[in-house]
Amino acid sequence: MIIVAGEALIDLVPAEPGGDTSGTGGRRSDAAARPDGRRPDGRRHTGNGTGPAAELPALRPKRGGGPYNTAIALARLGSPAAFCSRLSTDHFGEALLDGLAADGVDTSLVQRGPEPTTLAVAHIGADGSAGYSFHVEGTADRLFRTPEALPSAARAVSFGTCSLVLEPGASAFEELLRRASGDGLFTALDPNIRPGLIPDADAYRARFRAWLPYVTLLKLSEEDAAWLAGAADPAAAVRQWSAAGPYAVVLTRGGAGLTVLTRDGLELSVPGEKVAVVDTIGAGDTVNAALLHRLDGHAALTPSPSITAEQWHDTLTFAARAAAATCSRAGAQPPYATELTPPTTP
């Protein structure tokens, strides 16, 4: 069993493809919502509700959250998966739970509470890239408590995104990471940085580095690597992180593909799959799941794996294909295993 630990939330996405909810022409925005109604520059919004500026696109609620998407993607690929989180008892929380059950994800580690569900408003750029504004105050997932024990069938635990930022739940997830590593489980981490949710960037960067000795697989995007590196050179920082504990670091490069650096000195890249991008929501989460699923197929979900270059090439190529399938449709809709059969050669 592969356990995915972290948040589940509701993405509010434009009802029409290409719709932009930000009023910024699709520029990236990962900001927490301001309850005082002020703009990021401190000025208050003064719109009177009339005229073109008031014409906002309709939004549709979609199940989401990086760890939630990863758990769904794992199950769709055929891996036994469990979700470890805390969900609201509101109607969104029920919908999230129903989504897990529909794809066969084990929910025995899901805690419940009356607090509302976290909301993320998606802003879709012209190139399909997604930024988010979050509504996170007083939400159910932030009150997650470390479970007393994990199922005996567990072989790997995956962590990441908002759940490692928002307290008090972040400390509980961090405790689970350290404990899973100490128990000899394969651990995976996808920071999936949301800058607007991180009040002290330097403190978070230091905390991130403190996690690395407990991580077997670190996966992150080029954008995340640049943010986490701060003033340092991202390429040099990635090598430093690789030396700090993880067996492997996988760097995603959007349409350019994926690169892996391993403790054994291997550095290998594969190209991305060509696809007409609708949006990128859930693409990185699909990569997480595809990596874990394929590594499991190579019997590599151990705390000290031994993976050949050929196995890494197969794993990265599979992850690129899975991510492309997700990008080809709106919202976080990871593919099923039957959709990823390699094309036959004429």
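Residues: numbered from 1 along the sequence shown.
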For the residue pair Tyr247 and Trp312, categorise the inter-ring angle as parallel (less than 30°), tilted (30 to 60°) or perpendicular (more than 60°). parallel
By salt bridge (charged side-chain N to carboxylate O under 4.0 Å, His left out), Arg239 pairs with (sequence neighbours left out) Glu267
Minimum side-chain heavy-atom gap Asp285-Pro334 below 4.5 Å: no
Of all pairs that satisfy salt bridge (Lys or Arg N to Asp or Glu O under 4.0 Å), the ones with a partner from residues 297-316, not counting sequence neighbours: Arg294-Asp314
List the residues meeting side chain to side chain donor-acceptor pair (under 3.5 Å) with Ser269, not counting sequence neighbours, and say none if there are none. Thr259
With the side chain counted from C-beta on, respond yes when Pro67 and Ser85 share a heavy-atom pair under 4.5 Å apart, and no when they do not. no
Sequence neighbours left out, what pairs pass ring-ring contact (aromatic ring centres under 6.0 Å, His included) with at least one residue falling in residues 66-111? Tyr68-Phe83
Smallest heavy-atom separation, Ala8 atom then Leu96 atom, equals CB-CD1, 3.9 Å
Are Val157 and Val4 packed together at the side-chain level, in the sense that at least one heavy-atom pair is separated by less than 4.5 angstrom? no
List for me each residue that meets salt bridge (charged side-chain N to carboxylate O under 4.0 Å, His left out) alongside Asp190, sequence neighbours excluded, and say none if there are none. Lys219
Give the minimum heavy-atom separation between Pro305 and Thr216, together with the two atoms involved. CD-CG2, 4.0 Å
Side-chain touch Leu258/Leu251, heavy atoms, less than 4.5 angstrom: no
Taking all atoms of both residues into account, what is the closest heavy-atom pair of Ala73 and Ala289, and its distance? CB-CB, 3.4 Å
Could you check if a side-chain atom of Leu150 sits within less than 4.5 angstrom of a side-chain atom of Leu176, using non-hydrogen atoms only? yes
Counterpart residues, side chain to side chain donor-acceptor pair (under 3.5 Å), relative to Ser79 (two or more places apart): His293
How far apart are the C-alpha atoms of Leu77 and Phe318, what are their side-chain angles, what is the distance that settles it, and do they pass the side-chain contact (heavy atoms from CB on, under 4.5 Å) test? CA-CA 11 Å; Leu77 292 174; Phe318 181 78; 3.9 Å; yes
So which atom in Ala320 and which in Gly272 form the shortest heavy-atom distance, rounded to 0.1 Å? CB-CA, 4.4 Å
Taking only residues at least two apart or on different chains, which pairs with a member in residues 159-168 satisfy salt bridge (Lys or Arg N to Asp or Glu O under 4.0 Å)? Glu167-Arg207
Nearest-0.5 Å distance, CG of residue Leu97 to CG of residue Leu87: 6.0 Å
Taking salt bridge (charged side-chain N to carboxylate O under 4.0 Å, His left out) as the definition, give me every residue that meets it alongside Arg142, ordered by chain and number, with sequence neighbours left out. Glu137
Tell me, do Leu292 and Leu301 make a side-chain contact under 4.5 Å, heavy atoms counted? yes
Min side-chain heavy-atom separation Arg155-Phe186 under 4.5 Å: no
Tell me which pairs pass salt bridge (Lys or Arg N to Asp or Glu O under 4.0 Å) where either residue lies in residues 73-100, with sequence neighbours left out. Arg76-Asp103, Arg86-Glu115, Glu94-Arg112
List in chain and number order the residues that pass salt bridge (charged side-chain N to carboxylate O under 4.0 Å, His left out) with Glu222, two or more places apart in sequence or in another chain; answer none if no residue qualifies. none
Side chains of Pro151 and Ile3, heavy atoms from C-beta outward: is any pair under 4.5 Å? yes
Rounded to the nearest 0.5 Å, what separates atom NE2 in His135 from atom CG in Leu9? 11.5 Å
Treating Ile, Leu, Val, Met, Phe, Trp and Tyr as nodes and any side-chain heavy-atom pair under 4.5 angstrom as an edge, say whether Tyr214 and Leu220 lie in one connected cluster. yes
Verdict with supporting geometry, Leu189 and Leu164, side-chain contact (heavy atoms from CB on, under 4.5 Å): CA-CA 10 Å; Leu189 172 64; Leu164 288 168; 3.4 Å; yes
Answer yes if Tyr336 and Leu340 sit in the same cluster of Ile, Leu, Val, Met, Phe, Trp and Tyr residues linked by side chain heavy atoms under 4.5 Å apart, and no otherwise. no
Glu339/Arg329 under salt bridge (Lys or Arg N to Asp or Glu O under 4.0 Å): CA gap, chis, key distance, verdict: CA-CA 13 Å; Glu339 298 178 72; Arg329 47 211 185 198; 2.8 Å; yes
Contacts of Ser242 meeting side chain to side chain donor-acceptor pair (under 3.5 Å) (sequence neighbours excluded), chain-then-number -> none
Using the six-membered ring of Trp227, assess whether NZ or CZ of Arg205 lies under 6.0 Å from its centre and within 45 degrees of the ring axis. yes
I would like to know whether Val136 and Cys162 meet side-chain contact (heavy atoms from CB on, under 4.5 Å); could you show each step before the answer? CA-CA 10 Å; Val136 298; Cys162 310; over 6 Å; no
Hphob cluster co-occupancy, Leu143 + Leu166, side-chain heavy atoms under 4.5 angstrom: no
Who are the side chain to side chain donor-acceptor pair (under 3.5 Å) partners of Asp141, not counting sequence neighbours? Thr118, Thr139
Show your working on ring pair (Phe, Tyr, Trp, His ring centres under 6.0 Å) between Phe173 and Phe159 and close with a plain yes or no. CA-CA 8 Å; Phe173 283 111; Phe159 298 86; 7.1 Å; no
Criterion side-chain contact (heavy atoms from CB on, under 4.5 Å) on Arg179 and Leu185, from CA distance to verdict: CA-CA 9 Å; Arg179 198 175 76 193; Leu185 298 178; over 6 Å; no
